[in-house]
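As structure tokens, the structure follows; a few thoughts come after it.
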Amino acid sequence: MTYRISELRQTMRSKISVSNLNFYYGKTQALQDISMEIPEREVVAFIGPSGCGKSTFLRTLNRMNDTIAGTRVEGKVTIDEQNIYASGTDVVSLRRKIGMVFQKSNPFPKSIFENVAYGIRINGIHKNKADLHERVEKALRDAALWDEVKDRLNASAFGLSGGQQQRLCIARALAVQPQVILMDEPASALDPIATQKIEELVVDLKKDYTIVIVTHNMQQASRVSDKTAFFMLGKLVEFNPTQKVFQNPDERLTEDYITGRFG
Amino acid sequence: MAETNSQNHGRRKLVSSVMTTLTAACAVFVVAVLLLIISYIAIRGFSSISVQFLIDTPKPVGEGGGIGNAILGSVMMTALAAVIGLPIGVLAGIYLAEFGNNWYGNVVRFLADTLVGVPSIIIGIFIYTLIVVPMGRQSGLAGGLALALIMIPIVARTTEEMIRLVPDAMREGALALGAPQWRVTWNIVLPAASTGIATGAMLAIARITGETAPLLFTALNSRFYNFYLDQPMSSLTVQIFNYATGPFEVEHAMAWAATLILVGIILVINVLVRFLTRKRF
Amino acid sequence: MENRLLDHQLDVLRDKILLLGGKTEAALHRAMQSLTQRDSELAKLVLEEDSVIDRMELEIDRLSVEILALQQPAAHDLRFVISVAKITPILERIADHAGSIADAALILNNEPQLKNYIDLPRMAEVAAEMLRTALDAFTSEDSQVSRELIKRDAEIDEAYHRVFNELLEIMIDNPQSTTSAAHLLFVAKHLERIGDYVKDICELNVYLREAAFIKHSQAE
């Protein structure tokens with residue numbers, strides 16, 4: 001009776017399904033035998049000490065680690081029942097489906113408009129110029145940035161504040177209509193007010209997207225996520241509904257970490 | 001206790017102000033030398049500059065004469081070198097930065113660095129052997145090729161460095177949107193590095209505009225206006241060399257004037273590129 | 001592996017609530033003794049100590065809120081602070097009931113004693129023992145003992161009904177003892193309430209240990 005809501009959610013469809021995933025940087029094993037089901041349209045938070053593999057794991061979900069030389073993956077990651085590590089997978093179209101927001105906001109050296117339009121253009125999503133404008137506006141609105149930038153769409157993206165830049169990067173990711181959004185410590189460089197805006201946005205976006213967020217901030221994980229995964233030394237220690245993890249975790253290690261008793 | 005503290009404080013203040021003064025003095029020294037050179041050239045050269053001087057070809061001593069054909073030759077050969085050297089250099093730099101983390105890239109990088117260090121006169125001799133001897137004569141083409149050869153490794157290495165300065169986060173941002181690698185390089189990395197690449201190109205152009213040694217063997221010189229690249233071609237630097245080594249005072253004055261023009265051209269190139277590549281975003 | 005600042009504050013909080021528990025037990029014990037041994041001095045002592053207990057309640061409230069606001073405890077730490085914050089007013093109310101019993105004792109000690117107060121001392125013994133066991137179970141975080149204890153509340157309820165009926169008969173048979181009997185009726189009621197409060201403490205013990213709210217769930 002205690003966790004009725006989350007039990008209902010357990011029956012929801014898995015968007016991402018990971019089984020027995022191992023990951024290596026050269027000879028160093030960074031992830032060990034990770035299995036996890038990420039439900040559709042929920043927010044899953046990854047927490048754990050620095051170097052625990054949470055960011056590495058996040059980056060295996062859109063094959064971003066492919067860009068690093070000497071890395072190797074074993075095991076299976078399926079998104080909508082398709083193994084993304086199967087040979088012949090089109091990584092480019094995979095990444096279009098899985099948006100990503102990074103720790104440091106990384107706008108392109110272009111105007112605000114062109115930053116959001118970039119993904120639409122390269123993927124040829126828009127039908128015509130008016131359609132492009134509509135899509136850019138919608139993405140900016142969805143990222144709660146439109147009102148702040150609508151009068152200076154052609155100004156440089158670098159003129160925005162840190163929080164605005166990060167929301168621009170979220171808008172940029174939303175513009176290509178992904179199904180999943182991966183966020184790698186999206187608010188770690190932001191002040192509390194900008195952080196709060198990002199967090200509200202994450203909760204809003206849950207309606208339409210499956211969101212995975214890596215965070216060092218435990219309160220952030222507890223505020224925005226439905227489920228929390230705790231990683232340590234490349235292993236998944238615990239994966240449970242967030243309110244369980246923060247009130248009554250199954251594992252001693254999780255408890256030590258979230259209560260700050262972790263050396 | 002308080003006394004020791006104030007003593008230390010006084011000592012630190014002294015050291016600090018001495019060092020600040022020292023560095024400021026060095027900066028002044030650098031600027032002063034530059035100003036001295038430029039003003040000396042300007043004083044010595046300005047009086048001989050006239051429209052006629054800029055248009056005329058060299059004439060026997062006493063009949064005036066100018067550097068018109070030398071300016072044209074320099075511009076043509078520099079342009080040829082830039083047309084050949086910039087694309088090759090930039091593309092090589094892109095390769096080194098984006099795809100060159102392998103043994104081949106390391107070899108290319110090492111050879112480029114070696115080539116930068118090779119004295120330019122050796123490049124001249126190389127082109128002499130390769131082009132001038134088979135053609136049977138010196139030419140603007142040979143001169144331009146020699147300059148291009150000097151330019152390529154400089155442009156390649158500066159381009160590589162500039163591209164490496166573009167944060168990986170920006171590349172990943174584009175990749176994560178589903179951009180193929182070539183589009184990431186083309187629409188994201190290159191624009192972000194453009195200012196730096198242009199600066200590198202500008203430095204390379206300025207460098208070859210001032211080259212004399214490789215042109216002595218390759219383009220030789222010419223007393224006439226020459227629009228054909230297969231003919232020997234005059235250049236500002238060689239002309240300066242000729243005037244400066246001549247026996248007459250008039251020639252020396254013309255050498256100073258030509259030098260002033262050369263410095264002016266390099267300055268204009270600098271300003272122009274700065275203007276064209278000013279940060280828009 | 002420790003969180004020095006938080007651990008220290010949690011230790012202080014634990015000390016304070018255990019002290020409050022001890023004071024409450026003592027208040028109940030003294031109030032009943034003052035009644036059964038007709039010792040009005042003990043009753044006065046209970047009433048004096050009540051202000052100390054009130055002050056301790058305030059201290060614990062402040063410290064709990066401070067820990068919640070500044071340390072943002074999670075997991076067991078969070079459950080501990082929540083349990084303490086909820087148990088504290090319960091203890092204070094138990095002490096209030098002890099005070100009311102002491103009030104009654106002051107009056108009854110000036111009246112002739114009624115038939116050795118029938119089952120009341122026995123009822124008080126059960127209540128005191130339950131309170132002690134509940135506080136021990138809180139200290140050792142024993143949810144098993146706590147669950148057993150919850151069932152024993154029925155014993156007190158049963159005793160209360162027996163005492164109630166007996167006192168009613170006394171009032172009917174012997175009208176001049178009505179005043180005394182009425183006061184004793186209230187004492188019985190206070191003890192019955194204390195039994196309920198002990199049950200609440202036990203439920204919080206289970207929450208502390210298992211993170212489960214079992215209040216209002218017996219019916220299911």
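Convention: sequence-line order gives letters A, B, ...; per-chain numbering from 1.
- For A:Tyr24, the OH atom sits in a packed shell: over 12 heavy atoms of surrounding residues, nucleotides or ligands are nearer than 6.0 Å.
- Enclosure of atom CD in A:Glu200 by more than 12 non-hydrogen atoms of other residues, nucleotides or ligands within 6.0 angstrom is indicated.
- For a residue to count as touching a neighbouring chain, one of its non-hydrogen atoms must lie under 4.5 Å from one of that chain's; by this rule C:Leu5 does not touch chain A.
- Taking CD1 of A:Ile258 as the reference point, atom CG of C:Leu78 lies at 9.0 Å (rounded to 0.5 Å).
- At most 12 heavy atoms of other shown residues, nucleotides or ligands fall within 6.0 angstrom of atom NZ in C:Lys23.
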Show your working on side-chain contact (heavy atoms from CB on, under 4.5 Å) between A:Asn248 and C:Glu210 and close with a plain yes or no. CA-CA 8 Å; A:Asn248 186 28; C:Glu210 301 174 6; 5.8 Å; no
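- Atom CD of C:Gln72 and atom CE of A:Met218 lie 10.0 Å apart (nearest 0.5 Å).
- Within a 6.0 Å radius of NE2 in A:His216, other residues, nucleotides and ligands contribute more than 12 heavy atoms.
- Annotation: C:Leu47, atom CG; neighbour count of heavy atoms from other residues, nucleotides and ligands within 6.0 Å is above 12.
- Closest heavy-atom contact between A:Glu255 and C:Asp77: OE2-N, 4.4 Å.
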